[in-house]
Amino acid sequence: MPELPEVETIARGVHERVRGDRIAEAWFSSFPQPFKTPPGQQAAGLEGRVVLGVHREGKHIVVELGNVGGVPSHPFDSAQGRLRHKNKDVARVGHPDGGLGEFDSQPEAQWIVHLGMTGRLLVTAPDVPIAAHTHARLTLASGRELRFVDPRRFGRLEFRDLRRGVGFSATGAEPLTIGAEAFAALFRSRKLYIKAALLNQTLLTGVGNIYADESLFRAGIRPRRRAGRLTRAELERLRTSLRGVLQHAIRLGGSSVSDYVDADGVRGFFQLEHHVYQRTGLPCLRCATPIRRILVAGRGTHYCPKCQR
DNA sequence: ATATGGCCCTGGTTGC
DNA sequence: TGCAACCAGGGCCATA
């Protein structure tokens, strides 16, 4: 289940691999489920456009696209495509910044990918077999393909023409950068459980079930505390715990239980050392009390009854 | 306005 | 052993 750290890792990986490449052809499956924009409209908007960059907003991957007729700032050498594809250092040769630097031209459109529960965004060689539940295939000028695979179809694909509308922006605050004052204000006088509040994407964006449970454990707060009843000190512990666990997971390259696959299609199974998540009945790593599992906001919720008050 | 619960989906796990 | 029922949950929508 991709949350902020997994999506960040995937966005960075895709950025490094496809920046400067051109979308030659776009194919979409006939399932209606994953498409916020009709597939035909997405294909028409994507074909011919240049990928200026890829970044994360909340749990969304935003692909910034340049104009149809333009020349890519860093044209991809198709003969070297595979070599670059397999070696990150080589891939950086054409991109001195090597990261999420400024665009070289103004984005005209965006392709927005939400991975849902089981979505994967892969950069592959064209001869890699098509996985089951592949819903999108973008053939790139370099010869490689950008594929979207999603068995459960909880993911979403959207195309935005920036000349006709506004760009994508996440609904909630970024947990990595939000300050103490703004964080406390999010929960003030709210009656819902703090666990439910952390999952609410209109308050904070990017936090899912794993990091909600883990940050509450690290902050020593029970998931069924009412959000508005937390003290200022508890909120500050929660903010720093959340930021810390997210940053840690990003450093590890994202963590997940079963569905995370990195942009290369290589299983990036960097399972974070979860303290409570899916450790029901196992001893708490801090005090050895068995971890308890309850249901909050329809989600499995794990906590230590002794460490969390 | 705020909060809750049902629904969409398939694959892996559980239980008989 | 085999098969069916069950469970997982992010986001959206209807409802209270």
**Report entry** F28(A) and F35(A) aromatic centres sub-6.0 Å
**Finding:** yes
Report summary line: Rounded to whole Å, the CZ-P distance (R153(A) to dG11(C)) equals 18 Å
Query raised in the report: Can T124(A) and R147(A) be counted as having a side-chain donor-acceptor contact under 3.5 angstrom?
Result: yes
Query - Side-chain donor-acceptor contact under 3.5 Å, Q42(A) with W111(A) - result: yes
Query raised in the report: Which side chain to side chain donor-acceptor pair (under 3.5 Å) pairs, counting each pair once, include a residue from residues 165-187 of chain A, with sequence neighbours left out?
Result: R56(A)-E174(A), E181(A)-R232(A)
Requested in this report: Return the set of residues passing side chain to side chain donor-acceptor pair (under 3.5 Å) with Q308(A) (not counting sequence neighbours), or none when no residue passes.
Outcome: none
Check: protein-nucleotides 8-10 of chain C nitrogen or oxygen pairs below 3.5 Å:
| residue | atom | partner | partner atom | Å |
| --- | --- | --- | --- | --- |
| dA8(C) | OP1 | R293(A) | NH2 | 2.2 |
| dA8(C) | N3 | R152(A) | NH1 | 2.8 |
| dG9(C) | OP1 | N209(A) | ND2 | 2.9 |
| dG9(C) | OP2 | G300(A) | N | 3.1 |
| dG10(C) | N7 | R299(A) | NH2 | 2.3 |

Query raised in the report: Using a cut-off of less than 4.0 Å, is there contact between a side-chain N or O of H133(A) and OP1 or OP2 of dG11(B)?
Result: yes
Report task. Indicate whether OP1 or OP2 belonging to dG11(C) is found under 4.0 Å from a side-chain N or O atom of K36(A). Result -> no
Requested in this report: Determine yes or no for a side-chain-to-main-chain donor-acceptor pair under 3.5 angstrom, with D213(A) supplying the side chain and Y277(A) the backbone.
Outcome: no
**Report entry** SB check K59(A) E3(A) (cutoff 4.0 Å)
**Finding:** no
Query raised in the report: For residues 23-32 of chain A, which residue pairs qualify under side chain to side chain donor-acceptor pair (under 3.5 Å), counting only residues two or more places apart or in two chains?
Result: S29(A)-H135(A)
What N/O pairs connect the protein and nucleotides 1-4 of chain B at under 3.5 Å? Give each pair on its own line.
| residue | atom | partner | partner atom | Å |
| --- | --- | --- | --- | --- |
| dA3(B) | OP1 | K191(A) | N | 2.8 |
| dA3(B) | OP2 | R190(A) | NH1 | 2.9 |

**Report entry** Check ion pair R218(A)-E214(A) (N to O, under 4.0 angstrom)
**Finding:** yes
Report task. Determine whether the side chains of R299(A) and T301(A) contain a donor N or O and an acceptor N or O closer than 3.5 Å. Result -> no
Report summary line: Students should find that the end-to-end axis angle of the helix from dT2(B)-dA16(C) to dC16(B)-dG2(C), with five pairs defining each axis and rounding to 10 degrees, is 50°
